[in-house]
Novice: 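Got a structure for you, written out below as structure tokens; questions coming shortly.
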Amino acid sequence: MAVFQRCRPQWITGMHAPVYDGISATEISAAAGLLGVEREEYPDLLFCLDVLIQATSEARSEAA
């Protein structure tokens with residue numbers, strides 16, 4: 001959860017309402033490095049982040 005909270009989300013903007021596009025790999029890598037996440041833990045970390053990103057995306061879609 002701490003990695004997710006440290007990441008800056010990406011948004012697609014244009015002539016429509018902003019659309020949540022998740023988090024870039026660079027953001028995840030930087031946050032994981034800052035928090036001292038071991039490389040061996042990355043598969044579990046990425047799985048958990050996928051779940052959080054999907055839930056955030058669905059929540060934002062429902063709110064729109």
Novice: For residues 21-38, tabulate all N or O donor-acceptor pairs below 3.5 Å that involve a side-chain atom, not counting sequence neighbours.
Specialist:
unit_1, atom_1, unit_2, atom_2, d
Ser24, OG, Glu27, N, 3.2
Glu27, OE1, Arg8, N, 3.0
Glu27, OE2, Arg8, NH2, 3.2

Novice: To the nearest 0.5 Å, how far apart are CG in Leu45 and CE in Met1?
Specialist: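 Answer rounded to 0.5 Å: 13.0 Å.
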Novice: What distance separates Asp50 CG from Phe4 CZ, expressed to the nearest 0.5 Å?
Specialist: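 If I round to the nearest 0.5 Å, the distance is 11.0 Å.
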Novice: Give me each pair satisfying ring pair (Phe, Tyr, Trp, His ring centres under 6.0 Å) with a member in residues 6-36, each pair once, sequence neighbours excluded.
Specialist: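 Applying ring pair (Phe, Tyr, Trp, His ring centres under 6.0 Å) to every pair that reaches into residues 6-36, excluding sequence neighbours, yields Trp11-Tyr20.
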